[in-house]
Amino acid sequence: MTINVLIADDQAMIRGGLRLILEDQPDITVVGEAADGVEAIALARRLRPDVCLVDIRMPRLDGLEVTRALAGPGVAHPLRVIVVTTFDLDDYVYGALRGGAVGFLLKDAGPTLLVEAVRAAHAGDALISPAVTLRLLRHLAAVGAPAAAKRTSPLSDRETEVVRAIARGLTNREIAAELFISLSTVKSHVSGIQAKLGLRNRVEIAAWAWENRIAVTAG
């Protein structure tokens, strides 16, 4: 199965580089390029790509606005958006995750991680640059945990373990291997977690874990 990708970045050189990396893969095809946010939304809605790679800083509409328009709360048929940027400021990360993005990558993450993120998004997983994940966890650890966060969690112990793994950026297969459970069991847990917490995807689960200190309570 071919994964159709839309690239949105205001720099032609960056778009060209991303296209070369992605189209070097036998299962990925770049179906369109956009140089600004307005064009990105129009192309995405017309082409309905499997995955959209969206830069943060673009003319007319920035990447956060594009992400909310294509994948945010209230979007009837959300697309899978991965934010790709040179800027790893906390506000951008939180804005992207809350806007519905299913991935957040720094442009220096490397070709392998980029390809993995596209495939993960297409498969319904999420991938966030490890450096970004670590910074978020360290920031939250420094702030201090709300005392009631864990007590009010509606999750079972096993679901909490799955949430922690998701917050660390693990895929379903990696979670299954780490917890010694089947892939189908992981998927069942993820669905149950989303239903209990009222969340739409794995990235929102990760954000909930960070905000509620679930991610940093593991040893």
Side-chain angles (χ1 to χ4, degrees), residues 2-25 27-122 125-136 169 200-204 206-207:
T2 300
I3 304 172
N4 294 323
V5 177
L6 171 69
I7 298 172
D9 194 292
D10 61 335
Q11 298 184 51
M13 184 178 297
I14 297 296
R15 295 198 306 273
L18 294 174
R19 176 186 282 272
L20 284 174
I21 292 169
L22 295 174
E23 293 204 325
D24 191 45
Q25 305 300 313
D27 58 335
I28 299 176
T29 298
V30 176
V31 295
E33 295 183 16
D36 63 61
V38 172
E39 185 182 8
I41 292 173
L43 272 178
R45 288 174 174 169
R46 177 166 62 86
L47 299 174
R48 301 297 299 179
D50 298 307
V51 178
C52 302
L53 294 178
V54 177
D55 185 30
I56 284 285
R57 294 188 176 180
M58 292 188 294
R60 296 209 280 176
L61 289 177
D62 67 24
L64 298 183
E65 293 173 298
V66 172
T67 300
R68 285 192 292 269
L70 298 179
V75 176
H77 303 287
L79 294 170
R80 292 165 179 160
V81 177
I82 299 172
V83 172
V84 185
T85 181
T86 54
F87 306 98
D88 62 344
L89 300 178
D90 289 337
D91 286 347
Y92 288 153
V93 178
Y94 285 121
L97 300 185
R98 281 307 182 198
V102 297
F104 191 100
L105 290 176
L106 302 182
K107 287 179 180 176
D108 62 2
T112 300
L113 203 60
L114 172 66
V115 171
E116 287 180 1
V118 169
R119 289 179 177 146
H122 182 250
D125 280 343
L127 194 153
I128 303 172
S129 288
V132 175
T133 301
L134 288 174
R135 286 178 64 251
L136 284 170
R200 298 182 306 159
N201 55 50
R202 297 166 61 87
V203 175
E204 288 190 359

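For the single chain, residues carry numbers from 1 onward in sequence order.
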- Message: Determine whether Leu70 and Ile41 satisfy the following criterion, side-chain contact (heavy atoms from CB on, under 4.5 Å), listing intermediate values before the conclusion.
- Response: CA-CA 7 Å; Leu70 298 179; Ile41 292 173; 4.3 Å; yes
- Task: Could you check Glu33 against Leu18 for side-chain contact (heavy atoms from CB on, under 4.5 Å), going step by step and ending with a plain yes or no?
- Result: CA-CA 10 Å; Glu33 295 183 16; Leu18 294 174; over 6 Å; no
- Item | Minimum heavy-atom distance Arg80-Val102, with the two atoms named | CB-CG2, 4.0 Å
- Task: Report yes if the side chains of Leu53 and Val118 come closer than 4.5 Å at any heavy-atom pair, otherwise no.
- Result: yes
- Item | Arg60 side, atom CZ; Glu39 side, atom CD - distance, nearest 0.5 Å | 7.5 Å
- Can you see which heavy atom on Leu105 is nearest to which on Leu114, and at what distance? CD1-CA, 3.8 Å
- Item | Closest heavy-atom pair and its distance - Ala71, Pro78 | CA-CB, 3.8 Å
- Query: Backbone N or O of Asp9 within a donor-acceptor pair of the Arg15 side chain at under 3.5 Å?
  - Reply: yes
- Message: Using side-chain heavy atoms (C-beta onward) and a distance below 4.5 Å, is Val5 in contact with His122?
- Response: no
- Message: Please report the interatomic distance OG1(Thr29) to CZ(Arg19), rounded to the nearest 0.5 Å.
- Response: 9.5 Å
- Task: Output all residues satisfying salt bridge (charged side-chain N to carboxylate O under 4.0 Å, His left out) with Arg68, sequence neighbours left out; order by chain, then residue number.
- Result: none
- Item | Non-hydrogen side-chain atoms of Leu61 and Asp36 separated by less than 4.5 Å | no
- Message: Please give me the minimum heavy-atom distance between Leu47 and Val31, naming the atom from each residue.
- Response: CD1-O, 3.7 Å
- For Ile14 and Asp55, what are the C-alpha separation, side-chain angles and deciding distance, and is it a side-chain contact (heavy atoms from CB on, under 4.5 Å)? CA-CA 10 Å; Ile14 297 296; Asp55 185 30; over 6 Å; no
- Nearest 0.5 Å, what's the CG-CZ distance between Leu79 and Arg48? 4.0 Å
- Residue pair Gly63 / Val54: nearest heavy atoms and the distance that separates them: CA-CG1, 3.6 Å
- Tightest non-hydrogen contact, residues Arg57 and Asp10, listed as O-OD1, 3.6 Å
- Item | Minimum side-chain heavy-atom gap Ile28-Glu23 below 4.5 Å | no
- Message: Using only atom types and a distance under 3.5 Å, with no angle test, would you say the side chain of Gln25 pairs donor to acceptor with the backbone of Leu22?
- Response: no
- Query: So how far is it from Leu113 CG to Lys107 NZ, rounded to the nearest 0.5 Å?
  - Reply: 15.0 Å
